[in-house]
Asks: 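Please read through the structure below; I'll follow up with questions.
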Amino acid sequence: MFKDGTYAIREVCCVENGKIQTWTENPMAPMGETFEELKEGFEFYQTALEKSVLYFDTHSGTLVEQATEN
């Protein structure tokens, strides 16, 4: 979630203990070279929506807080 209240999906990489280490600079968008790949992408997005909300400071590019619940 951004400071302006908008939501986006980003890809994150975690270390072994589950702490977020890095994330994509720009929000992700579903895409694929085939319709099946596009459908698979939407399944990944559905999975992402079941995860915790992350709060980013877009000015500094830092993770401010990781919520424990959606």
Side-chain angles (χ1 to χ4, degrees):
M1 179 177 181
F2 299 102
K3 281 187 172 183
D4 66 2
T6 58
Y7 291 84
I9 295 177
R10 293 177 185 252
E11 185 176 7
V12 297
C13 296
C14 300
V15 291
E16 287 183 21
N17 65 0
K19 184 175 179 180
I20 295 172
Q21 183 177 18
T22 61
W23 54 87
T24 55
E25 181 177 348
N26 297 310
M28 306 297 289
M31 59 187 329
E33 293 184 9
T34 66
F35 185 71
E36 290 301 316
E37 287 179 1
L38 180 61
K39 284 175 39 178
E40 184 178 287
F42 273 99
E43 290 173 11
F44 286 123
Y45 282 82
Q46 182 63 42
T47 300
L49 294 173
E50 296 168 3
K51 303 288 184 181
S52 298
V53 174
L54 306 174
Y55 298 92
F56 289 94
D57 180 341
T58 54
H59 295 293
S60 66
T62 59
L63 178 65
V64 176
E65 175 184 348
Q66 181 175 352
T68 56
E69 297 181 13
N70 293 0

Asks: Who are the salt bridge (Lys or Arg N to Asp or Glu O under 4.0 Å) partners of Glu33, not counting sequence neighbours?
Replies: none

Asks: Could you check Asn26, Leu54, Thr24 and say which one makes a side chain to side chain contact (heavy atoms under 4.5 Å, CB included) with Arg10?
Replies: Thr24

Asks: Test Asn17 against Val15 for side chain to side chain contact (heavy atoms under 4.5 Å, CB included), laying out the working first.
Replies: CA-CA 6 Å; Asn17 65 0; Val15 291; 3.0 Å; yes

Asks: Taking atom OH of Tyr45 as the centre, does the number of heavy atoms from other residues, nucleotides or ligands within less than 6.0 Å exceed 12?
Replies: yes

Asks: Would you name the heavy atoms of Phe42 and Pro30 that are closest together and state the gap between them?
Replies: CZ-CG, 3.6 Å

Asks: Considering only residues two or more places apart or on different chains, which pairs with a residue in residues 34-43 satisfy salt bridge (charged side-chain N to carboxylate O under 4.0 Å, His left out)?
Replies: Glu36-Lys39

Asks: Treating Ile, Leu, Val, Met, Phe, Trp and Tyr as nodes and any side-chain heavy-atom pair under 4.5 angstrom as an edge, say whether Met28 and Leu49 lie in one connected cluster.
Replies: yes

Asks: Within this structure, what is the CD-SG distance for the pair Gln21 and Cys14, rounded to the nearest 0.5 Å?
Replies: 8.5 Å

Asks: Check whether any side-chain heavy atom of Tyr7 lies under 4.5 Å from a side-chain heavy atom of Val53, and answer yes or no.
Replies: yes

